[in-house]
Amino acid sequence: MENMVYAEELVKEFLVFRGFTNTLQAFVKELGTDIGKGFQVDKIIDLVFSIYIPKFQAENLIQLLRFFSNCFSSHETHLISVISELDISIIQYYIIHAIQAGRKDKVIELFDIHGTELLQKDQHWASWFAIPYIKAPQSEPKFRVYFSKEWSNALHLSLRNFLTKMFNGTRIPALMKISSERNMVSRLKGDIKQLNFKLAQLQVSLEEKETQLHHSLLATEVIVGTDSTSNPLPGSGEPTVFVPASSHVNCVSASAQAGEREPKHSEDIRPDDTQVSTSKISNHSGQSERNTENDAQREEEFPEVRVDFQETFLGHTSPISRCRFSATGDNVASASVDGTVRIWTYDSSAPTSRNATIYCGAEIMSLEWECKSDRLLLIGTADGGIKAWNVDAKRVVCDLSCTEAFPSVLDLKCSPVEPIFVSAAASRWPGLSDIGKLGYASLTVWNMRTWKAMTVLPLGEDPPPITSVCFNHNGKLLAAAATDGMIHMFDMSAGLQITGWPAHDSAISSVMFGSDETSIFTLGIDGKIFEWSLQNQGKVLWSSDCSRFCNLRSSSHYKHEMALDAYGRRLLVTSNSLRAPIYQVRGHAYGMRTLPHSASITTVDWHPTSPIFLTGSADHSVRVTSMV
C-alpha cells in the first residue's frame, strides 16, 4: 500500500483540474479522519495497542473493528470467522487492560453500551459480564489465560499477520498501479543506463584490442619491407627505397621509376611519386605539415556520435555560460550570461521538487556542485559574488563576496573529502574574449561550515590569473592553470605550492586530473590538448590539436572547457562550430562529433557514472545526450 499517498495526490489534482471544490473539501476531510490509516499495518497496530486501548477509547475501538469488518465482508466465509474471532479477542484485551489498570468502571461502561450487541454475536460473553465484580479475576481458571503475557503477544502477532495478508491480497485499484508502473519504468531506465555504461567500457576495450592489432600488423609490414631492402629485385640494378608516410610504408623501386609501378590506393598516388628519394626521409617539416593536414582531415571525418536518447532544455533566454551534472547525476545546473541559473532534471521519472530558477544579477562565470551530495550548488559571478544555493530548502544559504581587488570569480571547485572549496578570482573582468587582460590572480580557500575564508594560497608577486582549478581524488592536491601557460600544484594540507611546470606557450583555458590520478589534462587557448604525467613531470602521455574547434583567437567567449567521461577515455571539448569533438584518449580511434546545435558550443560536462554528456550552446539551449 506504499502507493496510497501518490494515488491520493492524483485524485486531489484531478478534482482541482475539474473544479470539483466541494468534492475536494469532502475528500480532504475524509483523509484527515481516515480511520483505516491508509491500510498501513504498523499504524493500525499502534492505533489499537498504543492509543485506543491504553487511553480507554472504547467507542473508537469498536468503530475501527466495524470498519474492517465491512472492508473484508466480501471475502471468503472462513476469513469472516477469523475477523469475528479477532474482534472478540481485541475487546477482551481491552477489558483485561482496564482490569489491570484498576479501571473497572471502563469495563462496566463498555458492557452498558455494547453488552447487548456483544451477547447477540456470541453467547460466551455472558460469563464476561461478571468480571468487573470478581476480586481477583486473574486467579479464576476461566480468565487466567487472558492475563498471561503469552496470550497478549499472540494477539499482537495474529492481528499483524492477518492485516498484512488481507491488505496484500486485496485487489489494487488501477489508480494505485500508476505509481508502481512509474517506479518500474524508473528502475528499467536505471538498468539501461548501467548496461550502456558497461557497453561503453566494452567498446573502449575493443578499441584497445584493435589498436594493438593495428600496431602488430604495422610492425609485420615493416619487417617484411626491411627484408626486401637487403634483397633487391632481380634486374632492378639498385635497392628499393622505403619512405615513411602518415599511416603506412610506401616502397618505390627502380623498375617503378621506369614506369612499372606497384599497385597503390588512390589516395597514396601523388604527382611526385616518381621522384621519391632518400632526401624525402629527412624532410621532417614537410612531413609534419602533412600530418597536421591529415589530422584536420580526420577531424572533418569524425563520425557522428550514436545516440540512445537526447533531451533539450529550453529554459534560458540568453547564451549558456556553464552547465554541470550534480554529484549523483540526477540534477543539472545550467547558467546563462544574463545571470540566470536553472536547476532541472532530464529524467521524466525523477522528482522535480528541486527544480528552481535563481537570478544572480551578474554573468555566471562558474558553477560547482558539492561533491558529497546534490544538496549545495556554488555559483560564481562576474561581480565577485559567490552564492551557495540549498536545493532542498530552495534558498541562498550564504552570499559571499570576494575582495574588491578581485571581482571576477573565474572558477570554483569543492574538495571531494573536506568541507572546503577554492575560488579562483581575477582582478579584472575579461570582457568578451580577451583572456590576456584578466589582471592578477587570487586563490582563496573557503570553509563550507562557517562560510569564511580560511587562507589565500601563495602565487608570488603579481601572479598571472588562474583560469581553472581542480582537486585530485582525495583532496590533498590542487592543480591550478594560469594565463602564462604554467601549471601550479598545491599541497592543500600545508597550503603551499609544491611544484609547477610550463605546459603551454599560451594561456591555459582548462585543467583536470585524469581518472587514474596519474596524469593531468590541459587545454590551451590555442586549441592544443596535452595529457601530462604526474609520475614523470614534464612528460607528455598524449596530445591532440583541436584548434579548428576551439581556438580562442577566433572565439566569441573568453574561455573553453573540456570534460572527461567516467571511464577517463573520452574527452569532450567545447567548440566554435555547431558540433563538439569527442576525442578518444590514447586510443587508435580518433573520435566522434556530437549532434549539431544551431550555434557554437560554450560549455560541456559528463555524467559522473554513465555515458551521458551535456552541451550548452550560444543558441540558449542545453542538451543531454546518452551515447549508445
Side-chain angles (χ1 to χ4, degrees), residues 3 5-6 9-10 13 178-197 200 307-318 320-336 340-360 364 366-379 387-397 412 414 561 563 565-566 572 594-595 597 601-617 619-628:
N3 302 325
V5 175
Y6 182 74
E9 292 299 322
L10 290 179
E13 184 179 347
I178 295 176
S179 179
S180 299
E181 293 174 355
R182 177 172 170 267
N183 292 336
M184 182 179 67
V185 170
S186 179
R187 286 194 299 270
L188 290 175
K189 285 186 175 180
D191 293 342
I192 290 172
K193 290 178 181 178
Q194 290 180 358
L195 292 173
N196 283 335
F197 183 63
V307 174
D308 177 30
F309 71 83
Q310 186 175 79
E311 299 289 340
T312 301
F313 180 73
L314 300 174
H316 290 276
T317 57
S318 63
I320 309 300
S321 57
R322 293 290 176 269
C323 61
R324 295 291 184 267
F325 277 112
S326 62
T328 61
D330 294 335
N331 296 104
V332 175
S334 55
S336 48
T340 302
V341 178
R342 299 290 301 270
I343 298 175
W344 47 281
T345 178
Y346 62 92
D347 190 345
S348 59
S349 64
T352 59
S353 58
R354 290 181 166 183
N355 289 8
T357 302
I358 310 162
Y359 300 100
C360 298
I364 312 300
S366 51
L367 287 178
E368 174 74 355
W369 287 89
E370 181 190 15
C371 293
K372 293 185 178 181
S373 70
D374 292 353
R375 190 170 59 88
L376 287 177
L377 175 69
L378 300 180
I379 307 167
K387 300 179 186 295
W389 176 266
N390 187 307
V391 294
D392 292 327
K394 285 194 171 183
R395 65 185 182 89
V396 175
V397 295
L412 295 169
C414 289
E561 292 183 345
D565 69 349
L572 176 62
T594 63
L595 299 185
H597 280 264
I601 297 174
T602 55
T603 178
V604 294
D605 195 24
W606 277 98
H607 191 282
T609 58
S610 302
I612 303 174
F613 60 84
L614 287 174
T615 52
S617 173
D619 64 8
H620 309 179
S621 71
V622 182
R623 284 185 179 171
V624 183
T625 305
S626 175
M627 297 174 59
V628 175

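Residues take their numbers from the sequence shown, with the count starting at 1. Since the structure is predicted, the reported quantities are computational estimates derived from the model, not experimental observations.
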Evaluate the side-chain proximity of [Y] to [X]: yes if any heavy-atom separation is below 4.5 Å, no if none is.
X	Y	answer
T594	V604	no
I379	L367	yes
N331	L377	no

Quick check: closest heavy atoms across [X] and [Y], and the distance to 0.1 Å?
X	Y	result
D374	W369	O-CZ3, 3.3 Å
S610	K193	OG-CB, 3.9 Å
L595	R623	O-NH1, 4.1 Å
H597	S621	ND1-OG, 3.2 Å
H316	T340	CE1-O, 3.7 Å
T609	F197	O-CD1, 2.9 Å

To the nearest 0.5 Å, tell me how far [X] [atom1] sits from [Y] [atom2].
X	Y	atom1	atom2	result
F613	L572	CZ	CG	6.0 Å
E311	S348	CD	OG	7.5 Å
S334	D605	OG	CG	11.5 Å
D308	N196	CG	CG	5.0 Å
L376	D392	CG	CG	9.0 Å

Practice prompt. Would you kindly say whether S336 and H620 are connected by a side-chain donor-acceptor distance under 3.5 Å?
Written response: no
Worksheet item: Do T345 and D347 get their side chains close enough for a donor-acceptor pair, meaning under 3.5 Å?
Response: no
Under 3.5 Å, side chain of [X] to main-chain N/O of [Y], donor-acceptor pair present?
X	Y	answer
E561	T603	no
S321	I364	yes
K394	S353	yes
R342	G315	yes
S626	F309	no

Practice prompt. Tell me, please, which residues at least two apart from H607 pass ring pair (Phe, Tyr, Trp, His ring centres under 6.0 Å).
Written response: F325
Practice prompt. Tell me, please, which residues at least two apart from W344 pass ring pair (Phe, Tyr, Trp, His ring centres under 6.0 Å).
Written response: F313
Practice prompt. Under the side chain to side chain contact (heavy atoms under 4.5 Å, CB included) rule, what do V622 and L614 come out as? Steps first, then yes or no, please.
Written response: CA-CA 7 Å; V622 182; L614 287 174; 4.1 Å; yes
